[in-house]
Amino acid sequence: MESISEIHIKKSKFQILLILALSLVTLILAITSMGVGSSENLGFFSTFKIVLGIDQSNDIQSSIIWRIRLPRVIIAIVGGAALATAGALMQGSLGNPLVSPLTLGVASGAALGAALGIIIGFSISEPIGIIIDFLWNLILNIIIYPVNMISMAIFSVALDIPPIPFTGAETVIITNAFIFSLFVVFLIIKLGNYRSVSAESYILVGIAITFICGAIVSTMTYFASDSQLSQLTHWSFGSLARTSLIQSISISIIIILLMPNAMKWAWDLNSLSLGGDDFAISTGVDPIVTRKKILILSAFMTSIIISFTGLIGFLGLAAPHMSRLIVGNDYRKLIPCSAVFGSLLMLFADTLGRTLFAPIVIPVGIMLSIIGGPFFMYLLLQKRRKY
Amino acid sequence: MNNYKNYAQNYSIIDNDELLSVENLHFSWGENKVLNGINFTIPKNELVAVLGINGAGKSTMLKCVNRILKPEKGFIKLLNKDINDLNLVELAKNISYVPQSVLTQFSMDVFDVVLLGRRPHINWRVSENDREIVSNTLKFLKLEDFAFRSFNKLSGGERQRVIIAKAVAQDSKLLLMDEPTSDLDLKNQIVVMKNIKKLIREGKDKSAIIAIHDINIAARFADRILLLHQNELIGEGTPEEVLNEENIATVYGVSCVVEKRTEYESMRIIIKDEIKQKNKRKEEEE
């Protein structure tokens, strides 16, 4: 007969295998997703021929592949992983299965930032831009112009250095959303400094922030024009279409750097999510410090993603629960599994949204709720016994 | 030299026998005083029962010792070190705690719950040794059959035993248990207490403090009894010394008959009836 230890090892290995299998499915879906789309110029197989260098591409084709589809696939994978991980971290550290990455009010902060940008035309990056412009001009005046004058005198050649445009119109909403959601993260840090703060007070403060920001946004929409309203509504749908290749790669690097940090908390989360604060202390975990750090990490991850994608709420709630059905609540496996499952769901929903009613693209936030919701309910009702 | 060492250890000259000492412990919830100047020491290799009515401060005292609650005043020293000087991981290596109940929204396999007891000892990876300790603990507490069942699907008593197993797997010097037998059936109450007793007897310098309501279980298994009444410690000593008719009447407000320990039977307390206060009786007569 197998010993208990052996069964435990076997079970662990099986769960890791499941996670690897899920990763493989995600990878296949990512490749498939690169090939499908609404363009008539680019078929499924010709995409791969171009990517592999077999066929030459024309400008339109290469633009579709590199500037539209690739960033979209990257942000789907990274965004899904980050939101699902943040959801799993928040649920565990607050000991509450109803929590999602949006519970703490990070998203409403982002929405407020976006609304300010769209309706009032306020750009938080403008003051920063002015300072940077000023510094840049200073550098130009002090260093470059004298150098140019000398080089003009000697070689009759001048360096052509344009002033840097710090803010473009399309980045206003993103930076606004990001900085306002960071402001909410900052509030959470402040709250966490109180020694007696409990899990419930985080949730309640998050809900209060959501209401306050919501009220301000509503007031602004009252005065907004039709086009501004539609722009704000589109932003709040949650879409992967707005991210450029450079942006999606930068986001990926940040999230990849943050992921090991999330894994570091796995044991503490096991203890905290199982037995609450007293139990955690008895296993050597300081619940207050740990909770604060985990919440800051997950709120930061959420704010990075949603300032580029808009509001995607359901994924962060559902993906961790679906992963619990697969690997249980052991965070050493739950965090990677949630990340992979989040990527998979986001890719699936986005690919479906692009192809179902092509050329109309349904935003991924809507697709996730429409498909994910019933699927989630089905899983919970089916496997209720399992966890 | 060696002989001297043995002699010295036997008679506690070199080795300090004291595991835990609590001095002048005060705690209150706002205005409400819960502990008012508690003093006691716990030697090594002893099973100590804490008795007292609901709200006497038994749980609060245990939580102060485990640093879950911060006392208002007083010192708690573990092996002559102030517990506030230890970080929580070091503390968890030395003290394990069994809460009254663990209710959770997120469940795990029983094996993984008991594995959490090893958390202070491991960095990230679970070693072969940790797995061995967990499976031996499960066997020790007769929980092998539950090893891969979900914690939330167990009954209250089974869950309580799993949490005890977690504390045992933690392999700490001092076990704090808050009513570990409250949800157990009659047989399991005895089995669990026997196991804890065995652990204290056979473990190296281990002790346990158990808050408990059942005075007969306390009388049978405890080496020493701490009796809490109105936020103060009113009795400390062996069960025979502390559990007399007078003390039980003062603390619990019941009359009883104490049967002395015999060669075959442990001491037994038979509860008779509540003691009605005189003025109340007068009111009733009127």
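We name chains A, B, ... by the order of the sequence lines, and we start the count at 1 in each one.
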Next on the checklist: When you compare the side chain of B:Leu115 with that of A:His8, does any pair of heavy atoms fall below 4.5 Å?
Outcome noted: yes
Rounding to 0.5 Å, atoms CZ (B:Phe106) and NE2 (A:His321) come to a distance of 6.0 Å
- Answer yes or no: does atom CG of B:Asn123 have more than 12 heavy-atom neighbours from other residues, nucleotides or ligands under 6.0 Å? no
Problem - Note, A:Asn270 side chain near B:Asp112 side chain (heavy atom, < 4.5 Å) - result: no
CE of B:Met108 to OH of A:Tyr331, rounded to nearest 0.5 Å, is 9.0 Å
message: Could you go through A:Leu274 and B:Val113, starting from their C-alpha distance and side-chain angles, then the distance that decides it, and tell me whether this counts as side chain to side chain contact (heavy atoms under 4.5 Å, CB included)?
response: CA-CA 8 Å; A:Leu274 185 88; B:Val113 175; 3.7 Å; yes
Turns out that what part of B:Asp178 lies under 4.5 Å from chain A's heavy atoms comes down to neither
Heavy-atom closest pair (A:Trp267 atom, B:Val126 atom, distance to 0.1 Å) is CZ2-CG2, 3.5 Å
- Item | Heavy-atom check, side chain of A:Lys264 versus side chain of B:Trp124, under 4.5 Å | no
Check: Should the heavy atoms of other residues, nucleotides or ligands under 6.0 Å from CZ of B:Phe27 be counted, would the total exceed 12?
Finding: yes
Rounded to the nearest 0.5 angstrom, the CD1-CG distance for B:Ile68 and A:Asp278 is 4.0 Å
Bottom line for B:Ile122: the part with an atom under 4.5 Å from chain A's heavy atoms is side chain
For this session: May I ask you to test the B:Leu88-A:Val285 pair for a side-chain heavy-atom distance under 4.5 Å?
Result: no
Cut-off 4.5 Å, heavy atoms of chain A, and the answer for B:Glu144 is both
Can you tell if the side chain of B:Tyr97 reaches within under 4.5 Å of the side chain of A:Thr283, non-hydrogen atoms only?
-> no
So do A:Phe279 and B:Leu116 actually touch side chain to side chain, heavy atoms under 4.5 Å?
yes
By residue number, those in residues 292-301 of chain A with heavy atoms under 4.5 Å from heavy atoms of chain B are none
Turns out that what part of B:Arg67 lies under 4.5 Å from chain A's heavy atoms comes down to backbone
Whatever's closer than 4.5 Å to a heavy atom in chain A on B:Leu91 counts as neither
field: Steps toward side chain to side chain contact (heavy atoms under 4.5 Å, CB included) verdict (B:Gln105, A:Leu98)
entry: CA-CA 10 Å; B:Gln105 303 278 359; A:Leu98 303 177; over 6 Å; no
The interface call for B:Asp130 against chain A, heavy-atom contacts under 4.5 Å, is neither
Bottom line for B:Lys63: the part with an atom under 4.5 Å from chain A's heavy atoms is side chain
Query - Cation-pi geometry met for A:Lys11 and B:Phe111 (6.0 Å, 45°) - result: no
When the 4.5 angstrom heavy-atom criterion is applied to A:Asn96 and chain B, the contacting part is backbone
Rounded to the nearest 0.5 angstrom, the CD-OG distance for B:Glu132 and A:Ser5 is 4.5 Å
- Message: Atom CZ of residue position A:Phe211 - does it have more than 12 heavy atoms of other residues, nucleotides or ligands inside 6.0 Å?
- Response: no
Applying a strict 4.5 Å limit to non-hydrogen atoms, the region of B:Glu128 in contact with chain A is side chain
Between B:Ser135 and A:Ile4, the two heavy atoms sitting closest are CB-CB, 3.8 Å
Take B:Asn66 and A:Ser282 through the test side chain to side chain contact (heavy atoms under 4.5 Å, CB included) and record every step on the way to the result. CA-CA 7 Å; B:Asn66 201 26; A:Ser282 79; 3.6 Å; yes
